[in-house]
Amino acid sequence: MNVLAIETSCDETALAVVSNKGTIHASTIYSQFPEHAAYGGVVPEIAARTHLTKLPTLLEKTLGEAELSLKDIDAICATAGPGLIGGLLVGLNYAKALAFSLEKPFYSINHLAGHALSVRLHETVAFPYMLLLVSGGHTQLIVVHSSSRFTLLGESRDDAAGETFDKTAKLLGLPQPGGPNIEKWALSGNAHAYNFPHPFANESHCDFSFSGLKTAVRTCIANTSENEKANIAASFQRTVAEILYERSCQALATCSIQKIPVKSFVIAGGVAANNFIRNALIKLEKKFQISCIFPPISLCTDNAAMIAWACIEQIRDGSATPNMRAAATPRWPLNQLNREGTTK
Ligand code: KG4
Ligand code: ZN
């Protein structure tokens with residue numbers, strides 16, 4: 001079975017064809033950085049229009065790379081949420097129209113389920129496992145019990161980790177996306193030059209907070225010279241890595257208290273591309289006797305292969321059923337997987 005997936009929840013227009021055996025026949029992405037660069041952030045209306053403009057050519061490209069035609073596609077799915085409503089509507093309706101015209105089943109998929117399951121497209125990871133999802137929009141610690149059952153242990157109460165990288169980069173005068181640029185500058189800086197706050201350091205819950213860190217960096221920049229950029233970037237990055245490590249320790253300790261037998265710790269989302277953060281998190285292996293799994297970066301960041309794979313896994317476990325009336329659902333927490341909206 002070949003599944004065609006469409007992902008348009010934010011500023012990446014992505015398509016993929018994946019087989020039920022886990023072969024990625026093709027995975028294509030158009031990143032809308034040029035369209036949003038002048039505005040310093042994603043403009044929802046521009047994102048939706050760009051998805052609409054790019055989808056037809058990307059579909060052709062995807063099928064070309066897969067060396068398949070539409071008649072080889074057995075099912076079609078799209079991200080229905082969470083995400084920006086305009087982009088979700090474009091992707092969902094494009095996918096539904098394709099499914100209707102080809103007389104194929106259509107499935108609506110949760111973007112976070114895509115992130116949560118993408119590692120299993122790369123290697124066999126047994127359930128249950130702990131997932132740290134760190135992207136531009138989410139910072140969450142999730143127990144993945146199965147393809148369709150998830151427990152959210154903690155999340156950011158304000159900014160997401162990736163968003164904090166992006167905002168800090170802006171404060172430092174570095175271009176977007178901020179994460180990779182801060183990582184680059186941090187290479188030549190002293191990570192212990194400054195001490196920034198660790199919110200909730202002594203608390204036993206698994207939530208995050210990053211807005212205080214951003215404010216501390218702003219104050220630091222205002223009180224230091226231009227040539228402190230690398231030191232500030234390195235100290236900021238160290239602090240984020242420490243916060244992610246501390247909260248992950250808390251989540252794994254919670255699993256141990258609640259006797260949830262997680263054997264692996266998986267990281268997903270764009271921030272998972274950061275090598276300094278990967279090196280900080282690998283220490284969890286020894287402390288908790290688990291294996292840390294860092295999937296390839298192409299599967300960590302937004303892509304449609306993870307949406308196709310979540311669809312395949314959820315068809316297999318019976319939690320996904322064809323639904324031409326699925327609605328775009330901008331807020332769709334993972335623990336409400338079976339409650340996606342339905343159009344009238
Ligand atoms: O998962 P993603 O591609 O898109 C979503 O937000 O869903 O994540 C994008 C985020 C951006 O905030 C970007 O700055 C961050 O991931 N990012 C990084 C790195 N590469 C991307 N953050 C830190 N270090 C990196 N190397
Ligand atoms: Zn994402």
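Only a predicted model underlies this, so the values are computations on that prediction, with no experimental measurement involved. Start at 1 and go down the list; that is how both ligands and their atoms are numbered.
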**Request:** Please say whether more than 12 non-hydrogen atoms of neighbouring residues, nucleotides or ligands are located less than 6.0 Å from CZ in Arg278.
**Result:** yes

**Message:** If you count heavy atoms of other groups shown closer than 6.0 angstrom to CD of Glu123, is the number above 12?
**Reply:**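 Count over threshold, so yes.
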
**Asked** Are Phe165 and Phe236 close enough that their ring centers fall under 6.0 Å?
**Response**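 Phe165 vs Phe236: aromatic centres under 6.0 Å.
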
**Asked** Less than 6.0 Å separating the ring centroids of His205 and Phe200?
**Response** yes

**Prompt:** What are the two closest heavy atoms between Ala328 and Leu88, and how far apart are they?
**Reply:**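 Answer, listing the atom of Ala328 first, then Leu88: CB-CB, 3.9 Å.
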
**Request:** Check His111 against Ile307 and note the closest heavy-atom contact, atom names and distance.
**Result:**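 Answer, listing the atom of His111 first, then Ile307: CA-CD1, 4.0 Å.
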
**Request:** Answer yes or no: is there an ion pair linking Asp159 with Lys214, defined by an N-O contact shorter than 4.0 Å?
**Result:**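 So Asp159 pairs with Lys214 through a salt bridge.
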
**Request:** Kindly determine whether Thr28 and Glu65 satisfy side chain to side chain donor-acceptor pair (under 3.5 Å), including the steps that lead there.
**Result:** CA-CA 9 Å; Thr28 58; Glu65 280 182 18; 6.0 Å; no

Contacts table for ligand 1: protein N or O within a distance under 3.5 Å of ligand N or O, distances only.
{"from": "ligand 1", "atom 1": "1 (O)", "to": "Gly270", "atom 2": "N", "distance (Å)": "2.9"}
{"from": "ligand 1", "atom 1": "3 (O)", "to": "Asp302", "atom 2": "N", "distance (Å)": "3.4"}
{"from": "ligand 1", "atom 1": "4 (O)", "to": "Asp302", "atom 2": "OD2", "distance (Å)": "3.4"}
{"from": "ligand 1", "atom 1": "6 (O)", "to": "Gly136", "atom 2": "N", "distance (Å)": "2.7"}
{"from": "ligand 1", "atom 1": "7 (O)", "to": "Asp302", "atom 2": "OD1", "distance (Å)": "3.2"}
{"from": "ligand 1", "atom 1": "7 (O)", "to": "Asp302", "atom 2": "OD2", "distance (Å)": "3.0"}
{"from": "ligand 1", "atom 1": "8 (O)", "to": "Gly270", "atom 2": "N", "distance (Å)": "3.4"}
{"from": "ligand 1", "atom 1": "12 (O)", "to": "Gly162", "atom 2": "O", "distance (Å)": "3.1"}
{"from": "ligand 1", "atom 1": "12 (O)", "to": "Asp166", "atom 2": "OD1", "distance (Å)": "3.4"}
{"from": "ligand 1", "atom 1": "12 (O)", "to": "Asp166", "atom 2": "OD2", "distance (Å)": "2.7"}
{"from": "ligand 1", "atom 1": "14 (O)", "to": "Asp166", "atom 2": "OD1", "distance (Å)": "2.6"}
{"from": "ligand 1", "atom 1": "14 (O)", "to": "Gly179", "atom 2": "N", "distance (Å)": "3.0"}
{"from": "ligand 1", "atom 1": "20 (N)", "to": "Gly270", "atom 2": "O", "distance (Å)": "3.4"}
{"from": "ligand 1", "atom 1": "24 (N)", "to": "Asn274", "atom 2": "ND2", "distance (Å)": "3.0"}
{"from": "ligand 1", "atom 1": "26 (N)", "to": "Glu183", "atom 2": "OE1", "distance (Å)": "2.8"}

**Prompt:** If two hydrophobic side chains count as joined below 4.5 Å and joins carry through other members, does Ile290 share a cluster with Val143?
**Reply:**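 Looking at the clustering, Val143 is in the same group as Ile290.
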
**Asked** When you check the space around the Zn ion (ligand 2), which protein N, O or S atoms turn up under 2.8 Å?
**Response** His111 NE2, His115 NE2, Asp302 OD1

